[in-house]
*Asks:* 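Sharing a structure, written as structure tokens. Questions coming.
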Amino acid sequence: MKEINRYRHKKILVLGLAKSGVGAASLLHKLGAFVTVNDFKPLAENPEAQGLLEQGITVICGGHPTELLEEGFELIVKNPGIPYHNPMIKGAEEKGIPVITEVELAYQVSEAPFIAITGTNGKTTTTTLAFEMLQAGSKKPLIAGNIGTVASEVVQEAAEENNIVIELSSFQLMGIQEFRPRIAILTNLYDAHLDYHGTREEYHAAKANITMNQTSNDYFIVNADQPEVMEVAAGSKAKIIPFSPTKELSEGAYVKDGWIYFNGEKVMERKDVALPGSHNLENILSSVAAAKLTGVENQAIISVLGTFAGVKHRLQYVGEYQSRKFYNDSKATNILATKNALSAFSDPIILLAGGLDRGNSFDELIPSLKRVKALVTFGQTAEKIGKAALEAGIKTIERVDNVEKAVPSALKLSEPGDIILLSPACASWDQYKTFEVRGDMFIDAVHKLK
């Protein structure tokens, strides 16, 4: 970790805890800052805040009092989940107090270069694949961000010879100033998180921040099949490395005659890739590009792609019971992710879907629902998804209270040879703290069948 003095004796407010807030507060404390932590959860119910208090850090819990902004803070490190229309953030902007997210702080002290991955879908799979390939290629990677340990903790153990592979959300990328990855990946761009961003333009602009500070010495790996992504690429100063699952390219990563290529070189046969689903080709190609740019040999890439079957909660095979196969795709928090999941199977599907209502309809899902033979819905969007299913011609629709009850209901509606798939097309926050909790509940319910 770099020893920097820019925060020594500076008054800094860490707004919102969770893992990123705890990591940021602890790091700033080590850097000699006068840190105050403010979290909405009461102190008595807040073990993270209690731990920081024991470190000698000032902690204020139970709300976000705007009068805190009168205490002369020179910087705010914001939890990514707190929207920019929050009164505390609006007040900070009015006072000219800079607001960053934890990943910016981590970058400032890191000795290791970053390989940063963002996009609407595929971030977790791409991040995991890139990490596994670098590890197999002895490139000493460390994994950080939404998929692993928070970056501000990882960088404290990182050295120049390491590579930090990090998954980044639009929420995190809105709060960067200097962050500059050596390699950036933009998997794809669709409309998402509009309840947070307000407009698709703001959402796309936040994603574009991943390349904002890159130079001609850096690489930007982009989806050549998406005009929205290529528009972002056109504004980047980095060396553009395209990928495409659908067409041959003069450079970058692509598929031709059943082979995966990079810059005209055969890397491995497509049929030897273990990861299911045609949509995963985007993730495979972008991670291959990152690995090759980092100097990973083909044999290491082949070894990973030949055995990697997916990450937890992303088309995760849970098991088989009474000749039905169960898949956990809880990370499908938007319609496109569920469409991709449905396209991965040829057998009849019993779909489990529903969750947080963000105000959108599910008309876009209707064509993909035509391969579904029965639907079990839950959560705030149960009625909306049920309506889309009726329009798709699905005659068997059952509504239940939650994921746990959806599993036995799906079993009753199924027949031997069917796929029982949790792919909610919605965020989990109406009933579950995270999509991971939702997915774990599904897994537990499947195991209870046995």
Side-chain angles (χ1 to χ4, degrees), residues 16 18-20 79-83 117-129 143-150 166-172 187-188 190-197 203 275 277 279-280 283 309-318 326-342 344 351-360 362 365 375-382 384-385 400-407 410 420-447:
K19 291 191 293 185
S20 67
N79 181 289
I82 297 175
I117 296 97
T118 198
T120 304
N121 290 315
K123 296 185 294 296
T124 300
T125 300
T126 302
T127 302
T128 306
L129 278 171
I143 197 162
N146 297 335
I147 189 172
T149 307
V150 293
I166 185 168
E167 175 187 332
L168 295 175
S169 68
S170 58
F171 305 168
Q172 291 167 304
T187 59
N188 46 55
Y190 301 97
D191 291 350
H193 301 301
L194 298 188
D195 54 334
Y196 182 101
H197 291 286
Y203 172 65
L275 191 62
H279 65 285
N280 273 316
N283 310 324
V311 298
K312 191 175 183 183
H313 307 299
R314 169 56 77 201
L315 270 186
Q316 174 195 4
Y317 177 61
V318 176
F326 292 79
Y327 286 85
N328 166 29
D329 195 39
S330 184
K331 200 175 188 301
T333 57
N334 57 53
I335 292 171
L336 177 65
T338 295
K339 289 171 67 175
N340 287 336
L342 292 170
L351 177 65
L352 284 59
L356 182 72
D357 191 348
R358 281 178 157 146
N360 58 286
F362 290 86
L365 191 58
L375 175 72
V376 182
T377 64
F378 49 85
Q380 292 177 355
T381 57
K384 283 185 175 181
I385 295 177
V400 297
D401 291 339
N402 50 46
V403 167
E404 298 93 315
K405 293 183 179 179
V407 171
I420 296 179
L421 170 67
L422 170 68
S423 191
C426 304
S428 62
W429 303 323
D430 59 331
Q431 293 183 303
Y432 303 97
K433 186 176 181 182
T434 64
F435 70 82
E436 292 97 338
V437 172
R438 178 172 63 188
D440 288 339
M441 291 296 182
F442 173 78
I443 293 169
D444 289 344
V446 172
H447 290 160

*Asks:* For F362 and C426, which heavy atoms make the closest approach, and how far apart are they?
*Replies:* CZ-SG, 3.5 Å
*Asks:* Between S423 and Y327, does any side-chain donor sit less than 3.5 Å from a side-chain acceptor?
*Replies:* no
*Asks:* Could you give the distance from CD1 (I117) to CD1 (I166), rounded to the nearest 0.5 Å?
*Replies:*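 One finds 8.5 Å between CD1 of I117 and CD1 of I166.
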*Asks:* Indicate the atoms forming the closest heavy-atom contact of D329 with A341, along with that distance.
*Replies:* OD2-CB, 3.2 Å
*Asks:* Over all heavy atoms of both residues, which pair between A445 and V407 is shortest? Give the atoms and the distance, please.
*Replies:*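 Scanning both residues, the minimum pair turns out to be CB-CG2, 3.6 Å.
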*Asks:* If every non-hydrogen atom of V446 is compared with every non-hydrogen atom of F326, which pair is closest and at what distance?
*Replies:*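 Result for this residue pair: CG2-CD2, 3.6 Å.
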*Asks:* Measure the spacing between CG of D444 and CD of E404 and express it to the nearest 0.5 Å.
*Replies:* 8.5 Å
*Asks:* Measure the OG1-CG distance between T126 and N280 for me, rounded to the nearest 0.5 Å.
*Replies:*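 Those atoms lie 8.0 Å apart.
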*Asks:* Given side-chain contact (heavy atoms from CB on, under 4.5 Å), test F435 with V437 step by step and report yes or no.
*Replies:* CA-CA 5 Å; F435 70 82; V437 172; over 6 Å; no
*Asks:* What are the two closest heavy atoms between A382 and T377, and how far apart are they?
*Replies:* CB-OG1, 3.5 Å
*Asks:* Of the options Q380, R358, R438, which is the one that meets W429 in a side chain to side chain contact (heavy atoms under 4.5 Å, CB included)?
*Replies:* R358
*Asks:* So which atom in T338 and which in A332 form the shortest heavy-atom distance, rounded to 0.1 Å?
*Replies:* OG1-CB, 3.7 Å
*Asks:* If I take atom CD from residue E436 and atom OG from residue S330, how far apart are they, to the nearest 0.5 angstrom?
*Replies:*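 Reported value, rounded in 0.5 Å steps: 7.5 Å.
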*Asks:* Do side-chain atoms of Q431 reach the backbone of D401 as a donor and acceptor pair under 3.5 angstrom?
*Replies:*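 Yes, Q431 side chain to D401 backbone: donor-acceptor pair under 3.5 Å.
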*Asks:* Could you go through Q316 and V311, starting from their C-alpha distance and side-chain angles, then the distance that decides it, and tell me whether this counts as side-chain contact (heavy atoms from CB on, under 4.5 Å)?
*Replies:* CA-CA 6 Å; Q316 174 195 4; V311 298; over 6 Å; no
*Asks:* To the nearest 0.5 Å, how far apart are CG in N283 and OG1 in T124?
*Replies:*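 N283 CG to T124 OG1: 9.5 Å, rounded to 0.5 Å.
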*Asks:* Only one of T120, N360, N121 forms a side-chain hydrogen bond (donor to acceptor under 3.5 Å, both in side chains) with N334, so which one is it?
*Replies:*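 It is N121; the other options fail the test.
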*Asks:* Evaluate the side-chain contact (heavy atoms from CB on, under 4.5 Å) criterion for residues T381 and D430: first the C-alpha distance (whole Å), next the side-chain angles of each, then the deciding distance (0.1 Å), finally the verdict.
*Replies:* CA-CA 10 Å; T381 57; D430 59 331; over 6 Å; no
*Asks:* How long is the span from the NE2 atom in H313 to the CD1 atom in I443, to the nearest 0.5 Å?
*Replies:* 5.5 Å
*Asks:* Pick from I420, L375, I385, V376: which one makes a side chain to side chain contact (heavy atoms under 4.5 Å, CB included) with L351?
*Replies:*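 Of I420, L375, I385, V376, side chain to side chain contact (heavy atoms under 4.5 Å, CB included) with L351 is met by L375 alone.
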*Asks:* Using side-chain contact (heavy atoms from CB on, under 4.5 Å), reason through T125 and L315 one step at a time and then give a plain yes or no.
*Replies:* CA-CA 10 Å; T125 300; L315 270 186; over 6 Å; no
*Asks:* Are any side-chain N or O atoms of T187 and backbone N or O atoms of K123, one a donor and one an acceptor, separated by less than 3.5 Å?
*Replies:*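 Checking the backbone N and O of K123 against the side chain of T187, no donor-acceptor pair under 3.5 Å is found.
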